Structure formats: C-alpha cells, structure tokens
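These numbers come from a predicted model, not from an experiment. Side chains are part of it too, since the values below use all heavy atoms of this structure and drop only hydrogens, waters and symmetry mates. All chains are named by letter (A, B, ...) in the order of the sequence lines, taking the proteins before the strands, and each is independently numbered beginning at 1.
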There are 2 protein chains.
Amino acid sequence: MSPKYVYFFGNGSADGGSGMKHLLGGKGANLAEMTNLGIPVPPGFTITTEVCDAYYKNNKQYPGGLAQELEKNLSRLEKLMGAKLGDPNNPLLVSVRSGAAASMPGMMDTVLNLGLTPDAVTGLIKKTGNERFVWDAYRRFITMFGDVVMGVERHYFEEILDKYKKKTRVKSDTGLTSDQLKKIVEEFKSVYKKKTGENFPTDPKVQLRKAIDAVFASWNNQRAIKYRQLYEIKGLIGTAVNIQAMVFGNMGTSSATGVCFTRNPATGENKFYGEFLVNAQGEDVVAGIRTPEPIANLGKEMPDIYKQLVEYKNILENHFKDVQDIEFTIQENRLFMLQTRTGKRTAKAAIKFAVDMTKEGLIDKKTAISRIDPSQLDQLLHPTFDPKAKKEVIATGLPASPGAATGKVVFNAEDAEKLAEKKEKVILVRKETSPEDIGGMHASKGVLTTRGGMTSHAAVVARGMGKCCVAGCGALQIDYKSQTFTVNGKVVKKGEYISIDGSTGEVMLGQVSTIEPGLSGDFAILMEWADEVRKLKVRANADTSADAKKAREFGAEGIGLCRTEHMFFGENRIDSVRQMILYAPDIKNLKAKIAALEKELAKAANSKTSDIKKELMQARQELKEPLKLYTSSLKKLLPMQRRDFEQIFTAMNGLPVTIRLLDPPLHEFLPQEEYNQKEMARQMKISLKEVQDKVSALHELNPMLGHRGCRLGITYPEIYDMQIQAIIEAACTVKKKGVSVYPEIMLPIISTEQEFSILRDEVQRVAKDVMQKKGMQIKYMVGTMIELPRAALIADKIAKHAEFFSFGTNDLTQMTFGFSRDDVGSFVPEYIEKGILEKDPFQVLDQEGTGQLVDIGIKNGRSTRPGLKVGICGEHGGNPQTISFCHKVGMDYVSCSPFRVPIARLAAAQASSEQPVSQATV
Amino acid sequence: MSPKYVYFFGNGSADGGSGMKHLLGGKGANLAEMTNLGIPVPPGFTITTEVCDAYYKNNKQYPGGLAQELEKNLSRLEKLMGAKLGDPNNPLLVSVRSGAAASMPGMMDTVLNLGLTPDAVTGLIKKTGNERFVWDAYRRFITMFGDVVMGVERHYFEEILDKYKKKTRVKSDTGLTSDQLKKIVEEFKSVYKKKTGENFPTDPKVQLRKAIDAVFASWNNQRAIKYRQLYEIKGLIGTAVNIQAMVFGNMGTSSATGVCFTRNPATGENKFYGEFLVNAQGEDVVAGIRTPEPIANLGKEMPDIYKQLVEYKNILENHFKDVQDIEFTIQENRLFMLQTRTGKRTAKAAIKFAVDMTKEGLIDKKTAISRIDPSQLDQLLHPTFDPKAKKEVIATGLPASPGAATGKVVFNAEDAEKLAEKKEKVILVRKETSPEDIGGMHASKGVLTTRGGMTSHAAVVARGMGKCCVAGCGALQIDYKSQTFTVNGKVVKKGEYISIDGSTGEVMLGQVSTIEPGLSGDFAILMEWADEVRKLKVRANADTSADAKKAREFGAEGIGLCRTEHMFFGENRIDSVRQMILYAPDIKNLKAKIAALEKELAKAANSKTSDIKKELMQARQELKEPLKLYTSSLKKLLPMQRRDFEQIFTAMNGLPVTIRLLDPPLHEFLPQEEYNQKEMARQMKISLKEVQDKVSALHELNPMLGHRGCRLGITYPEIYDMQIQAIIEAACTVKKKGVSVYPEIMLPIISTEQEFSILRDEVQRVAKDVMQKKGMQIKYMVGTMIELPRAALIADKIAKHAEFFSFGTNDLTQMTFGFSRDDVGSFVPEYIEKGILEKDPFQVLDQEGTGQLVDIGIKNGRSTRPGLKVGICGEHGGNPQTISFCHKVGMDYVSCSPFRVPIARLAAAQASSEQPVSQATV
C-alpha cells in the first residue's frame, strides 16, 4: 500500500495535527490542529512533504496514486464548500501555499484566488453580485500566478496598473472601476502570453497543477538552498503544499483581514497585539499602501468578532504554550483563522514571555530557558541606534563587535586619545589595528577598519572591551596622509561625524541617536534559572580590573584568560617593554661571551701582564652594559605587572584567575612607522638605524607561526620569570589583605612535552623563591593552552605535567584549516556563499575538524590525568553552538568576553537541559 | 646472588665475547673476542656497564661486591703478568679506558701507564734498564692522569715542557734527557698539587680508583650527553671500564705502535692500509709530531711481525665480516693487538666494501644494503672541494644544499643571469631569496643567504636544483646599496671570488678547486640490489624537463610533485602572470556588474530613450575591458604551460607525473621593490600607484595561512581551468606522438570535502571538454595534497572523491607545530640544543605529532577508499628516517628532489629489509 499523500482538514476535524510538522509542514500541521481545536479554518487539504521528496528522487515525477488522492480530496472540499472549481454558477476558489517544517522565506509563498477563469468570473459575479470585486480578484490572481508560478516579473503588471491609474487620475487601486479592471485583466493576459509563450490557463485544474509544480520547484531554487544553508536548516525532506478554500476579506465593509500576536512581540507585554484592514486581502496589509488599524479598534468596529478572535487567540496560546502569530480574515461578518505559528520576538520580549509564562504556570523553567536564543541577548547588552532615527548608510562592513557608536573620525590612536581627553566622542578609523592602537581603541566609542575579518585584531579586542566595531569595510579607502577616507566618491575628513553599527556593519554619515540598553528584572530572573540548570562554568576573558569587575557583574565565575601583553601597552610601560626587547635577543650570547671572558680572566689571574687583565676587564664591563639595561627594564616592569595582578585578584576575590604569560611575538611591541621609530630612538638614546635594524631583525614572514608564546619563555627566560614573580608577589600581597586568591598560570603555544616541563619547573622555581621570601603559601596551578594541533595530539604527554588545559580555539582553528584570521577575508565570504564552509570557523567552532582535535585533546589529556580541568578561552567560548559542543565533549568551563557572559550562561543551561532551542526569535 | 661485575680476558680465553657489547662495551667485547680467537691481546678485565648504571641509580655508590671482584681480577692479572701494581721490583702498569656499546668521543678516553709511583719507577728502571723511558712514561702519565682524570688543563703541563725544550734548545720531546725529564716530573707534580689541591697519588690503587671514578663520571658529562643527543644514541645503560696490562711501543727500535684498516677506508680498495711509528706510544701517532710510516714499510722493517699482523687482520675481517679498524703495539719484537672495531669509511669506500664483500661471499645483498648510510650518498652526488686545497674560511652558515661552488659574488638575480650569460661563474648572495630570484639561482653555481633555515626558500629550491647552498649565514652583513658584504670587519665586493661548501656551511675567500663526483659501477650495482628489496616506489620532485631527465637517470619511477608556479617565472611569462593577477581579484565583481547591466539593457530594450541604452552599452564596454585583458593573459600563458607539460611528459614517457595546480599566494608574483614595480607599471601601461595599490591589496600578514592553493582555484576558477586545459592538451599532443602519458592532477591546500569535490568536478569538466575536442581519451587521476591537519582529520570524506593522496609534510609540519619554516631560525636551534626537539622537524619528520596526523590521514583515507594510492612529496621524502616511517605506515611511494633519489632508493630498501643500519660511516 502506498503511503497517504494528502491530508484533509475542515468541518471540525482533520486527518493531521500539530505533531506532524515533518510531514505536513508547519503551516499544514497547524491548520489541521486548529481545525481539531474547533476553531473556524477554511477547509482544505495538505499534500505531504514526502511527495516533494519522492518528486525529487524520481526525476521530478509525482508518485503513482497522488493524482487520484488529489482528485478525491478536491471533491471532498467541493462537496463541503458546495462549490466547484471553475463552476460558472458557484465557483470554488482556493489558495495554494508552500509550507515546510521550518519557516523558509526562500520558497514560493502564496497564490490566492486560484480557480478564476472566464467561467468562474461569471459564476462569482452571479454569486456575489459584486462585479468590481471579481475583476479585482482576477487581476490580482493573474499577477500572483504570473509572478509566483511562472516567473513573470511583477513590474510588468504594475506598469500597466500605473498606466491606468495615471490615465484615470486615481491614486489607489480601489479607485479603479470594474470596467477599467476588466481592460486591465485583458492587458495582463497579453503580457502573460508574451512573457511565457502561452495563454493564461482557463482550466482551473491546470492552474492548480502548475501551482503545485511551482511549490515543489521552489524547494530547490537558489534562494531556498541558500536560506537553508544560512540558517542551518537540515534534515528536512521537502515542502508540503496547502490547498485551502478562499475566504475574502475584501467583500465590503463587513469583511476584513489582519495579523495579530497573542502578546506584544516587541515589548513582551501580555497584551493582545496586531492590526487589521477592513475590505482588504492579505497582500494589502503586507504591501503597506493602506495603513492598517490597531487590533483594539476591531473591538469597537466589530465587537462580536473581536470577542471571538480574543477567545481563539487564548485557546491557541494555551494550547501551544507559546506566543502565537495569527492570520485571520473576516468574510462578511464571519471570522476565519488562516494560520497560526510561533511568534517571532525581540530579545526583550522573549525574556518577558518566558518569565511571565513560567509565573503563569504555562511552562516550566527549563522550557523558559529554551525559549531564548542566546545570541540575541547581545541586543540587550549594548547600546543600539534609535530605530526611528534617519540613517545615511554609506558602506557596510562586517558586524565585528555589537553596539552602536557615534563620533568624530580620527585616523590614529594618538588623536583618539587626545580628543577623548577633551571629552570628545571619536571613532577610530584604521586600515587595520595593531597592539599599538589599544590605547586609542579604549579612548574611542567605536572602531572601523577596512581590512581583517570577524576575528581580526580590531574585532577581537573590541569585543573584549565591549566596544562597537565594524571591520573589513573594504569599500572605504583610507588616505592617512590627507587624513581622509573615500567611499563611493564621497570624502570624509578627520573630525567629521560618522556613526557605526557593530550589529549590522553599517557605516553612516553624521550623528545617529542611540538608545542605552536596559536590563529588566526578568533578565536577571532568567539568568538565575539558567544557573540552576547548567553544568558548564562560565568565566570571562579580562585583562584589566575594570573588565574583571564588569565580568563579575555579568555573572562570571572566574577569569579564563587574562592576557598579560595588553598590560604592556599601558601608561609608560611600552618604553620599558621596548628597552627589554632591544636587548632580549642578545642576552644569551652576551652571557656566553662574559663567561668566556671570566675564564680568560681566571687564566690571566697569575699573569704579570696586567695590561691584558685590564683589557679583559674593560671588555667584560662593556658586555655587561646591555645586560644591565635589560635587567633594569624588567625591574621597571615588575612592579607595574604586580599592581595589575593585585587589582585583578582583588576584583575576583574568591574566584580563579587564569593568567597567560606573554604570547605575541616581540616585534608587535616595536613601532612600525618611521615617525614612531624616531621617537623610540630618541627615548632609548640610540640611533634610528639601531631601532630599524632591530625591527628588521625581528621581522617575521608569518608571525602567527613565529617566535611567540612559550617559545619566548624558553629563549628569554627572564621575561617569564618577571611575570611569574609579579603574579606570586601580587597573590601574597592581596592574600595578606584577606583576599582569596587562586592564580592559574597558563603557558601559551605549547607544542612539545619538554617545553611544558621546562617552563613548569621554572614557574615552580620562581614561585617557591617568592613564597619563601614572603613566608607565605599560595595555592596556584600551572596549565597550558591547547592551541596547536600537535598539543592536542600529544595531550596525554602534556597532561602528565599540566594541571589544566584551556583550548585556544582561535589559533587551533588557524592551524587546523591553515587559515590566517587576518587574511581569510579574501576568500572565506565566497566559501560561505558557495557552501564550502557552513559558517565562519572563527565564529562558530568547526566541529568536524577543529572540534575533532578538541575531542582528541580532552580524551588524551584525561587518559593520563583523569580529573584534568578543561576549558575554552578562544573567541568561540561565547558562541552558543560552540558552548553546546563544549558541554558535549565534557569541558568544565567556557570563557568569553565579559559582555557575552550572560549569553554563555544561557547557552550552557540550554546545553544541559537537552531541550531543542526555539527558533522563534527575530 | 649479585651479577658478575667484572669480566676477565687473557691467556687465550675470556669471560666475554663480541656478543656482549651491551654489557662490556664495544671495546671490551672485542678485546674478549680477540682473546678467544687466539690473537695476542694484553690481558686485563672489563667492569660492566651495569656497574655504571647501578652507580648512577644508587647516588654514585658502587654496588656491593664490586670491590672484591676487582681485587680478585687484579690479582689474577698480576699473577698472569708476574708483576704487581706498585711493586718496587717488578711493577705492573695498566691502561684504563672507557668503552660503551656505541663509540662516544664525548667520554673520557684513555689513561696509559697507570701504576707509576716513585716505587714503581724504581722497579721499572730495574726491570727495563731504561731510565729515560721510565721518566718519560712517568711525565706522560702525570699529564694524562691530571688532564683526563682530574681536569687539570693540558696546557699547564705543556708550558713546562716547552720551557725545558727552549732552555735546552731541543726541538722534540725525544731530545730531552733522563735528568731533564726527572725535573719535569717534579714540576708536573707541583702543578698538579696547585690545581687539584692534593698530592699526585703515590698509591697505585688510589690511581686506579680515581681513574675508574673518572670514567663513570664522564658518562654523564655535558659533552657526552650532547653527543648522545646529537647522534640519537639511546637505550644504553652506561659505559664499561677496561683495565689492561700495558705494553710499550716505545721501548726502543724493536718496538712500535700503529693503527690499520683491513681495507682502504677512503677508496674502498681491498688493500691493507695503515701506518705505524717505531719507538712510540699510541698518543704520539695521534699527536702528529712525528710522521708515521705507511704500513707496507713494516713488511720491510719487521717482516715476521708484518706477516703475523696480516694474518690477524685477515682473521678479524673474516670473523667480523666487515672492515676492521685495528690498533696494535709491538713491544720488543712481540705483537699485541689492542683494539679492533668496525672501520669508519667514506661513502665511496662503503659502497665498494659492500659490493666487494658480497662478491667475495662474505656477506649477502641485504647485509650489503644495510652497510651504507643513505644520507652519506650525498657525497657522491655533488662536487666537493679538493681536500688538499687551501681554504680561508670567513664564516659558517647552515649546510642547506650539498655541493661545492666557486664564483664571483653578485647580489641580485639579474646580475647573476647577466654574468652567467657571459660564462662567468657566480655565487648569488642575498639576505633571503624569493620566487623572483629563481632565474638568478638557476644561473648561479651556488646560493648564499644570511637569513632562513634549512627549509627556507633558498634551501628548498637549491636542493631541488641540486645546487649548492649555504643558508642563514648570519655573520654576513649585506649592504645592497654598496654591493658589498661585511664579515668580521672584512668587506667583500661584488665581483670578488668566494667559495661555498653546501655540505659544511663554510664560506671561503677566493677560488677553491673542486672535484667532480664520480659514480663508480659499484654504486649502480648496489642500487640494483636495493631495488630488488624495496617495496616503496621512489619518485622525484621536478618542475622542468631537465630535472625530470636527471631524476630518471637517478632511477625515479615517476614525478611525485611538479610545481607549476616555478614555470610562471620563466622567460617572458611573468609579465602575463602579472597581468593576470592585476585583474583576477576583480573579475567576479566585474561579471556581476556586467550581468546587472545586461538585465538593465534588456529592460531598456523597449525604451525609446536610446540615450540610456547607449550609456548602458558604453558602461558595459568599459567593464569588459579588464575582463578582456584578464582572458588574454590566460590565453598567453596556456601554450607556454602546455609546452612545459609536453616536455615533462615526454621525458617521463611511461611513468606517472603528478602535477600540482598553482599553489602560492598571488602576491608572490608581484614585484616588492619600487624599482621593479616601476618596470611593471611601464610594461602594463598603468600607473605606479595602481601597481602599488594591487601589491598592498594582496598583501597578507601570514601568507602561509592565506589566499593560496585550492583557494585560488575556487575564487579564480579561470586560472586552474587554464592549467587543466594545458595539462590535458599536452597529454593529447604527446600521446599522438606515441608517448605513454599518465597525468595525475593534484589539488593543494585542501581543507574541506567541498573544496575537493567542486574542483574535481571542474577538472573533469575541462578535461572532458578538451578530450572531446581532440577526439582522444587520456587516463588521468585527480588527487590531493594532505598538508593541513584538517585534511588528515577528514581524509575519509576527501577520499570519497580523491584518487590519490600526497602528504605535503612541509606544510603539515608548519601547521601541526605552528612553526613557520621561514621564521623558526630564531628559536629552533636553541630548542634542539636544549633537547626540546630532537631534530629539526623540517628535516626529519616528527613522528610523534606530525606523523600521527599522517597515520590518521592514511587510515581515514583508506577506510573509504581501500586501494588509495598514498605518497609523500614534502622535503622529508628524501630523508632516510622519514622514508622508514613512510614504509611503516604503508605509503606507496616517496618523492624527493632528483639528487636524493638514490638515497631514497637505498633507504627504502633498508626499511624493507628490517636490518638495522650500520653506523660505521664517517
């Protein structure tokens, strides 16, 4: 027996129900459910998604038996309606709609009034006595059918309509007379013939067949495929087709059509919300030619109908236990419900819905948690532009760090800082940013770059700061010399105002007013519920005590990544850092040379030729000079670093703080531009050439794969020693003041077991020394980043020595793919477009490849150290999909930027509670 | 019962034998063996390596029972010799020598004449009646004991000796009288006391104990540890100590001492080889103060002894079945053998030994193969400097590509090419090389760079060309402006002669004469034997037909990597390449814009305002202009690429040729220096700014992780299409001429399944098209490089589409470690020194990490395609250790530079035959 292909609904009962979305699509399943609930729905039937599947699998042939089933259901519909397709006395008109299990704007939407033919026109005029209505319906049908089913572009029809309106000087379609519409129909038909090569079908069954074909064809059109890719819609077998008797909202003033939500989808308020138009068809509401009235007015205009509508919406919300988005039509004082579905909502509304409904007893806490799309919370954590404000968008880049910012354009960090001191708002505009720009970025309201992707330096740092950033805006051409940028011929000078939207990537001229975020009490309540459920801990990436405090406010349970290098750029530190770098690479040689000299001096000790001794001693003195400068630079840095750590430890009293030792290659701290190099030479009292030689000596072709991370710790041990000393000394100081301090010292870019064990010994040596001197004990841990494929592959060996792992998935993604996050902008967008990559792997962890290494790393690590603490501190730590993965592979915590902590708390809760996350958010 | 700690040998029988090297060390085991063979060896005993092991494990305490065993064996020795340690009438003197299972120059070597005390001196004078001999032996002993056992530097003693020689105006030690020597002994003793703080021991047992202590201590001194690391000596538990009765070669003209080889270790000739000194001790031969006589003279001077010696050396060679390096001493017409061991040999000799001995029936072919260290074959494949030539070494860099070259210094590729045209020999000296320099490198005899490591561009390309290269010679400072380089204050100008040795890294002033390599017939025979045994196929990496021919001569069975990008630099191609690059990035946008215009033109088709139409058409025309230039650049390149492939296919008639489509990022083809940019602007008829804008637009922060490989194929499909067309057209052309052609098209830098499937489809589409046009069928394969960790991790998915894998272990190593091969020079040497890395992972594949990914990749790949052909084409493909790994993990072939093909053939044979490779080569 072949499966059932068509499901009927009508007259109070239906073959299907809301549990059959996979087979009937969301729309069809809910029409059936409403029918079963006793809600008036125009009767009809649904062709299943399995037909679509079979159609594609069988070379675009429909399965045998479908034709008969269709015929049978059509007859049943005709009998129920007492009308027949194409009947010259009492014609049946139907709507044809696509509808998959997930909402998919990429597919064919709707054809209304199907069944209109010359015969049916005659019949409908007879039946309604409303000639104008019928011709209007006919011209609408031809347009829709031509456009949606046959691909004749809408403007061909609209041009004809406009011509008539102009000729008769009416402004609205409703001003056209029946005769005019009749002529328009004729012209529409001839356009249709010209464009399609065939006559407009006069057989309603041909119309129906073509419409069904078109729905199935639309399942695999470019837009639909793209849409499914974009929104990761998978596992669907096809679309269903819904054929439903037409009801008309445009049959005079006792008719109307409308759309409503059971609660307010913008604010979340529990108040019936919607709008309607009297004497109109659905498309008029959408087209926006006439302004619809608020739903409340319906209570005044048609009180009985309104009462019914309120009753139905209550039934639906109680039944579905979620806010419903409902379409309805009133035909001559009779109310019909045409659709119900979960209503899309703003983040604010989503939270209020979830909390209110839980309090009302409609849903439980776990369901409430599953109702919020975590990534949407961003909206609530950053300022946004006033949606009512006028915007002149001049370019669009990548939405790299959410928020809205307005300020004067500046082109370098110094100017940003100078203007910020004068309390001016500035936007820092750069080709790309580097660590030198940190101060300027801090001083700016927002950052705009022309190069780099979502994980470029600018993007990462801005997100960490919770600062708005638009990155990779290639349309802009910056000319640093003239201090201007040009975009599409428009020149913007330093000091002019622009506005940037880090959530959309838009760059706008002038000042656009912003709205500050408001965190309602419901938000806090929901977070508490999330905390009850989740198993993953949530930490924050924070480099300053200010960030640490903010993270704590947002609920962070520790710091998962404190980057010490950002501290190196602060205040007057950069000078000492540069002095250190100037000598670091030579220290080893110097020490060897001095040792050799000492030996010679020992030999010459008995020698009578004291000239030689003098010479040797002078040589030794000269060699010791740079050594002294190096040591003094480290001595200057020590107290500054110590103070940083004291502040952070104090802010995180009682919580763990993971501190990563110096990571970037040293050349990042040297000035790249000659002007700055001259400045450095002046301050260091050396020649410009010496500075440039050092810059050139430290230059790397691929700095991402260069002399960085623990490699610095191995080659220049003094630098790490200084940092370790600062950490332990700071811990001692604050402990004395009663602060509970849990430092976790983290080694970056480990690729071999030996690197780790050598440096771990070094940490223990220095720490022991400090603790002995202070006469105190500090409980600390030594662990590592796992950010190189090799580290994951040999994690069992590393875990013999390491007390914790933190996956640095930014670098791990770079190495696994061979992608430089700063350079992939030239092809990754095209890769996503072509479906080669589903998502930017720097935003959503690539579970197939990079994730495999994470899994291997955890399993290997715990094979030698079962209780190993494991977390993630890459940018991915704040991404909900990735958080779900982290939960699955058994991590202990995720760490993300302070502003994403609430998102991570929610995502972690959702991962724990295993409930599928609702997609019903906008 | 405790184990036996001491093994006696003497009087025709021994406790041990040559099978006990692990326990007795190489020297001890062979002394025992010789004793058992009836060869006269001065008797003695060996303290086992287990004692050394126990000593270190037990906090430098000797195991209980050792003292008694020592005492017992000493008594036995004294009885056998009829002499006693320290006896004032008939004293026994002994030598003390270290000796582990592997030869280790890092350890304590030898103390001779131990047992000399004031009493023993008296006794020895009585016994020998040769006062001068005794005092000479005493002063030698104090020096050796002081130096070797107590660490008193030798020069302290030598200064005293020199003083006496000056005073007495004698030139040689032998000129010193007995009395003088007596005084010298006194002075030696006081130096000894001053330096060690104690008197020179007068108890011979104390001497012996201290000497034994020193041997065991030397096992773990810095030099020995370093030596074991360097030569990967593992699994040894310690050193043995050999205590042996002294025999004296310096007891007059009937005494002598010598060293000999059973065959000539330099040429391999089967002729007794060696030298001796009459009236001398071993150290005199080594010191080189007197010139030893060739061994043949011994036949004239002491014919009976010589006959005996020949007899013993024959016994030894037949017994050990390998060439022996033998030490002997003649004491008053009695011959004693002091040591025998496998003789070190040159590559040439190693081959001749192996082939001759196989022919003689002494060994079999498999053993013959195992006797050659494959990496030593390099010596035979490149010119070398005449060892007799005088060399003034001014600096030493990395030995990046073997060979010897002499030529005039030039500082850029153009000058190299210009001078080479005039038949001048040149050495190209650069800070680093880039693809732009290929032509110049080809024209030069050798390449010298100041930056970059063993796998820098210069090194890799030079090795590929079989050209001598010294890389990373940081001591040189190049000044391009003045066309000079400076090293240690010495300035070398353009046009001056230098010589470089790519096998040692030495840079020399002036012209040093070279010896051309001579491949003897034995070499070919050995290669044939290797081919009979090996399972791995050996292919070559070759980009030109010249390289392909050379590879074939060396026995390559196909080309495993033909890099198409090197072809782009040839002749006048670079201009077309640059023209292509100028437009490639904009083509997609252009096409979209043109399509949009076409649409507008279609709309405007009916419009009467032909002005608009004209405007649109003109706009379209303007847009098409760059498109045309782009297409024409590809059209110009097509026939050139085709010709390349025709030549390579013809050279490799009957063998497969793997062609990798374009790999490097496009910016590598653009000029970086303003002078060249100007030139390009002139040729392209565009402004300098346009060129610079393009260079800047294509600039990448980490090009290794950038827009390269198949990413180019995806974003600029026209480039790959042109290459595919050229390959298939070339195959058709040569096939018509009767050439058997097997192209294998290889896609680089694949990281996702989709990249591969999209490009595989593209290859098939273009290939089908060409074959249809030509009316021919070409059998070709499409496969991929596995060079990114992600590719190995998802190899099962890629193998669904890919017909072969080639592991690109250069990139795979870079990504697995996060090492840029161009930048690791700043820390990898220190890593190796500190034992963090055993070897440079770019030279020897890191089996622990990178190898794990190779293994995963092969297993994954064959899980979905069981017969998948797998090879390696990274630089590692020519490294013997890596080849052994490739054999183990089940690869089908290795591919390496043509000059390493014989090495790979041998290494592959050794991998198959499982016999351990002999270490006895120099």
Side-chain angles (χ1 to χ4, degrees), chain A residues 155 431-432 452 474 585 588 603 665 697-709 711-712 714-715 749 751-755 758 787-794 797 811 814-827 830-831 834-837 846 848-850 852-853 856, chain B residues 153 432 585 588 603 665 693 696-709 711-712 714-715 749 751-755 758 787-794 797 811 814-828 830-831 834-837 846 848-850 852-853 856:
Chain A
H155 67 87
K431 287 180 183 166
E432 55 206 350
K588 212 186 134 200
K603 265 194 213 166
L698 289 178
H699 170 77
E700 294 185 314
L701 291 176
N702 293 285
M704 202 60 80
L705 306 170
H707 195 168
R708 54 178 287 227
R711 300 160 194 174
L712 297 169
I714 297 280
T715 48
I749 308 284
S751 66
T752 71
E753 180 186 349
Q754 293 79 359
E755 285 171 327
I758 289 174
E787 50 190 333
L788 297 173
R790 199 174 190 282
L793 293 166
I794 63 154
K797 289 168 190 155
D811 273 311
Q814 296 197 90
M815 306 304 165
T816 307
F817 275 94
F819 282 180
S820 155
R821 65 184 188 198
D822 295 311
D823 300 312
V824 293
S826 52
F827 61 90
E830 196 169 333
Y831 266 40
K834 287 189 168 147
I836 295 172
L837 292 172
D846 154 53
E848 190 184 4
T850 317
Q852 212 181 126
L853 280 176
I856 289 172
Chain B
E153 287 175 36
E432 57 205 349
K588 213 187 133 200
K603 264 193 214 168
D693 282 351
S696 145
L698 289 178
H699 170 75
E700 294 185 314
L701 292 177
N702 293 285
M704 202 59 81
L705 307 170
H707 195 168
R708 55 180 288 227
R711 299 161 195 173
L712 297 169
I714 297 277
T715 48
I749 308 283
S751 66
T752 71
E753 179 185 353
Q754 293 80 357
E755 284 171 328
I758 289 173
E787 51 191 332
L788 297 173
R790 200 175 189 280
L793 292 167
I794 63 154
K797 288 168 191 158
D811 273 310
Q814 297 199 85
M815 306 303 163
T816 306
F817 275 94
F819 281 1
S820 156
R821 63 184 190 201
D822 295 311
D823 300 312
V824 293
S826 52
F827 61 91
V828 160
E830 195 167 335
Y831 266 40
K834 289 192 167 146
I836 295 173
L837 291 171
D846 153 53
E848 188 185 6
T850 317
Q852 210 182 126
L853 279 177
I856 289 173

Does any heavy atom of chain B fall under 4.5 Å from the side chain of [X], the backbone, both, or neither of them?
X: Thr752(A); result: side chain
X: Ile758(A); result: side chain
X: Ile856(A); result: side chain
X: Lys431(A); result: neither

What residue in [options] has the most heavy-atom pairs under 4.5 Å with chain B?
options: Gly825(A), Ala791(A), Ser820(A); answer: Ser820(A)
options: Leu853(A), Thr715(A), Ile749(A), Leu712(A); answer: Thr715(A)
options: His699(A), His155(A), Arg708(A), Lys588(A); answer: Lys588(A)
options: Lys834(A), Glu830(A), Gln754(A), Gln814(A); answer: Glu830(A)

Which value, rounded to the nearest 0.5 Å, describes the distance between [X] atom [atom1] and [Y] atom [atom2]?
X: Gln852(A); Y: Leu793(B); atom1: CD; atom2: CG; value: 4.5 Å
X: Met704(B); Y: Leu701(A); atom1: CE; atom2: CG; value: 7.5 Å
X: Asp822(B); Y: Glu700(A); atom1: CG; atom2: CD; value: 10.5 Å
X: Arg711(B); Y: Ile836(A); atom1: CZ; atom2: CD1; value: 11.0 Å
X: Leu698(B); Y: Asp823(A); atom1: CG; atom2: CG; value: 11.0 Å

Non-hydrogen atoms of chain A under 4.5 Å away: do they reach the side chain of Leu837(B), the backbone, both or neither?
-> side chain
What part of Glu787(B) lies closer than 4.5 angstrom to a heavy atom of chain A: side chain, backbone, both or neither?
->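 Neither the backbone nor the side chain of Glu787(B) comes within 4.5 Å of chain A.
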Scored by heavy-atom pairs under 4.5 Å with chain A, the best of Ala697(B), Gly818(B), Pro585(B) is Gly818(B)
Selection from Gly706(B), Ser751(B), Ser826(B) maximising heavy-atom pairs under 4.5 Å formed with chain A =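 Result: the option with the highest number of such pairs is Ser826(B).
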Tell me, please, which residues at least two apart from Glu848(A) pass side chain to side chain contact (heavy atoms under 4.5 Å, CB included).
-> Asp846(A), Arg790(B), Ile794(B), Lys797(B)
With Phe827(B) via ring pair (Phe, Tyr, Trp, His ring centres under 6.0 Å) - residues at least two apart |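 So Phe827(B) forms a ring pair (Phe, Tyr, Trp, His ring centres under 6.0 Å) with His707(A), Phe819(B), Tyr831(B).
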